[in-house]
Amino acid sequence: MIQDMDQDRPPVETGCVLWSDGMDLLQDAAERKHFLPTGLEGIDTLLGGGLRKGQLTELTGQSSSGKTQACLYSAAHVAARHMGAVLYLDTSNSFSPSRIARILDELPISFIKEPKDVRLKRVMSSIICESVFDIFALFEVLNQLEVSLNNKVNNGGNKICLLIIDSISSLLAPIIGGKYSQGRSMMISVAMILKKLADKHNLSVLVTNHMVAGNGAPKPALGESWKAVPHIRLMISRDRGSNICTATILKHTLLASGRHMKFTFLPTRGDCILVSAVHALLRTSTGYMHVVFRCVATDDPSIHVHKH
């Protein structure tokens with residue numbers, strides 16, 4: 001006979017496999033699978049709250065579209081809101097402590113509940129940045145992370161809740177179809193480790209991926225094998241010459257693809273430096289000048305100044 005389904009039942013353990021029923025999963029989602037804010041209103045609204053714990057989210061987009069800035073915003077806001085520690089794996093020397101500091105300065109007055117110098121020290125202490133330049137170093141760091149989480153090692157009392165890899169494609173692309181005959185297998189191993197860490201230790205994993213030429217339009221790199229890995233894939237695009245960006249859902253476990261939302265990176269000191277340089281140039285120059293600037297905030301090399 002079918003027994004009473006309303007009884008509270010513990011998960012069924014068979015051998016070394018722990019089985020969970022629907023109620024276990026529902027309770028886990030309600031109690032543990034919370035959202036971590038990115039600090040970017042458009043992205044957080046689009047995703048229903050931000051980066052979901054227990055899942056792997058990928059940001060993809062063209063160069064200078066804002067992927068790294070989104071990672072820095074996420075790290076800063078998670079640490080600032082006392083949500084836990086952040087492990088930031090930097091594969092291309094793009095991590096910017098000064099940018100983190102400016103993001104903290106942009107927080108609204110109502111959010112500030114401690115002196116700025118105290119908050120800056122606390123937030124910076126909660127973000128662990130590690131430079132990783134090849135796939136073998138990545139395996140080593142992920143193994144160390146697994147050991148630390150299993151041993152419940154905290155960073156200054158904060159448990160790591162967000163793992164960022166910027167970018168995953170710079171580590172994986174060189175081993176696919178290159179001199180490594182097992183490159184694709186290594187890529188899948190990385191994917192399995194990341195998803196296991198996310199699920200077992202209730203982390204949110206955020207990775208970035210670049211775009212490559214496709215049939216008629218650019219597409220995310222790393223091919224079809226990697227396409228199935230992220231739970232969520234967002235494409236970021238930037239309006240040329242501005243800080244206005246668009247996040248578009250390419251893949252989501254619950255939401256329809258194609259949904260999109262605008263968001264804005266607030267102006268940074270780089271904008272002020274650029275404007276000051278342009279003004280100085282216009283005041284002191286004579287004749288025709290053609291100067292190319294790279295703007296720190298927009299990373300747009302196409303900004304030109306003409307003087308006649």
Side-chain angles (χ1 to χ4, degrees), residues 36-45 50-51 59 61 63-131 155-156 158 161-167 204 206 208 234 236-247 261-280 293-303:
L36 300 179
T38 66
L40 299 165
E41 185 177 356
I43 291 181
D44 291 341
T45 300
L51 307 172
L59 300 180
S63 176
S64 304
S65 59
K67 301 185 296 296
T68 293
Q69 287 206 64
C71 290
L72 294 173
Y73 265 79
S74 300
H77 277 259
V78 167
R81 294 169 187 256
H82 301 270
M83 305 190 79
V86 179
L87 178 58
Y88 197 115
L89 303 186
D90 181 12
T91 70
S92 54
N93 288 324
S94 58
F95 180 80
S96 173
S98 60
R99 181 66 177 124
I100 294 285
R102 291 196 293 272
I103 291 171
L104 294 177
D105 285 340
E106 295 165 0
L107 292 175
I109 300 290
S110 59
F111 188 80
I112 301 175
K113 298 181 180 179
E114 57 189 339
K116 283 190 174 183
D117 58 336
V118 174
R119 181 183 60 189
L120 178 62
K121 182 177 180 180
R122 176 181 60 80
V123 169
M124 289 300 190
S125 300
S126 298
I127 301 175
I128 311 115
C129 184
E130 182 79 19
S131 295
N155 178 61
N158 290 330
C161 65
L162 175 60
L163 169 62
I164 297 174
I165 306 179
D166 181 30
S167 73
S204 179
L206 177 64
T208 64
L234 285 184
I236 295 181
S237 58
R238 187 195 292 267
D239 294 352
R240 188 173 182 82
S242 79
N243 284 332
I244 301 175
C245 301
T246 302
M261 189 77 69
K262 294 277 188 181
F263 66 96
T264 304
F265 293 115
L266 295 179
T268 68
R269 198 169 302 166
D271 293 310
C272 300
I273 293 172
L274 176 64
V275 172
S276 297
V278 171
H279 287 172
F293 287 90
R294 177 171 290 275
C295 178
V296 175
T298 64
D299 199 25
D300 186 351
S302 63
I303 300 174

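In this text the structure is predicted, and so the values were computed from the model without any measurement. Sequential numbering from 1 along the given sequence is applied to the chain's residues.
- A 4.5 Å side-chain heavy-atom check between Pro37 and Arg81 finds at least one atom pair inside the cut-off.
- The structure places CZ of Arg122 at 10.0 Å from CD1 of Ile127, a figure rounded to the nearest 0.5 Å.
- Of the inter-residue distances, the one linking Leu72 atom CG with Ile100 atom CD1 reads 4.5 Å to the nearest 0.5 angstrom.
- At a threshold of 4.5 Å between non-hydrogen side-chain atoms, the residues Ser74 and Leu36 do not count as touching.
- With values rounded to the nearest 0.5 angstrom, Asp239 atom CG is found 9.0 Å from Thr264 atom OG1.
- The nearest pair of heavy atoms linking Cys245 to Ser65 is SG-O, 3.7 Å.
- With Lys262 contributing its side chain and Ile244 its backbone, the two residues share no donor-acceptor pair below 3.5 Å.
- The aromatic rings of Tyr73 and His77 sit parallel to each other, their planes meeting at less than 30°, with 60° as the upper class boundary.
- Taking all atoms of both residues into account, the shortest heavy-atom contact from Ala70 to Ile236 is CB-CD1, 4.3 Å.
- Inter-residue side-chain proximity for Asn158 and Met83 is flagged as unmet; no heavy-atom pair is nearer than 4.5 Å.
- Side-chain contact between Leu104 and Leu120: present, with at least one pair of heavy atoms (C-beta onward) separated by less than 4.5 Å.
- Atoms SG and CG, on Cys161 and Leu87 in that order, are 11.0 Å from each other to the nearest 0.5 Å.
- Side chain of Arg99 to main chain of Gln69: no donor-acceptor pair is present (N/O by atom type, distance under 3.5 Å, no hydrogens or angles).
- For the atom pair Leu51 CG and Leu59 CG, the distance stands at 7.5 Å (nearest 0.5 Å).
- Scanning for side-chain contact (heavy atoms from CB on, under 4.5 Å) contacts around Met261 gives Thr45, Leu46, with sequence neighbours left out.
- For Phe263 against Thr246, the heavy-atom pair with the smallest separation is CE2-C, 4.0 Å.
- A pairwise comparison of heavy atoms in Cys71 and Tyr88 identifies CB-OH, 3.5 Å as the closest pair.
- A donor-acceptor pair shorter than 3.5 Å can be found between the side chains of Thr38 and Asp44.
- Distance check: Cys129 SG to Leu89 CG gives 8.0 Å after rounding to the nearest 0.5 Å.
- Taking both residues in full, the closest heavy atoms of Ile164 and Ala75 are given as CD1-CB, 4.0 Å, listed atom of the first, atom of the second, then distance.
- The minimum heavy-atom distance linking Leu107 with Ala80 is given by the pair CD1-CB, 4.2 Å.
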Requested in this report: Please test Thr208 against Thr68 for side chain to side chain contact (heavy atoms under 4.5 Å, CB included), starting from the C-alpha separation and ending with a verdict.
Outcome: CA-CA 8 Å; Thr208 64; Thr68 293; 5.8 Å; no
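- Every side-chain hydrogen bond (donor to acceptor under 3.5 Å, both in side chains) that Ser94 has, sequence neighbours left out, goes to Asp90, Asp166.
- Checked against side-chain hydrogen bond (donor to acceptor under 3.5 Å, both in side chains), Ser237 has no partners two or more places apart in sequence or in another chain.
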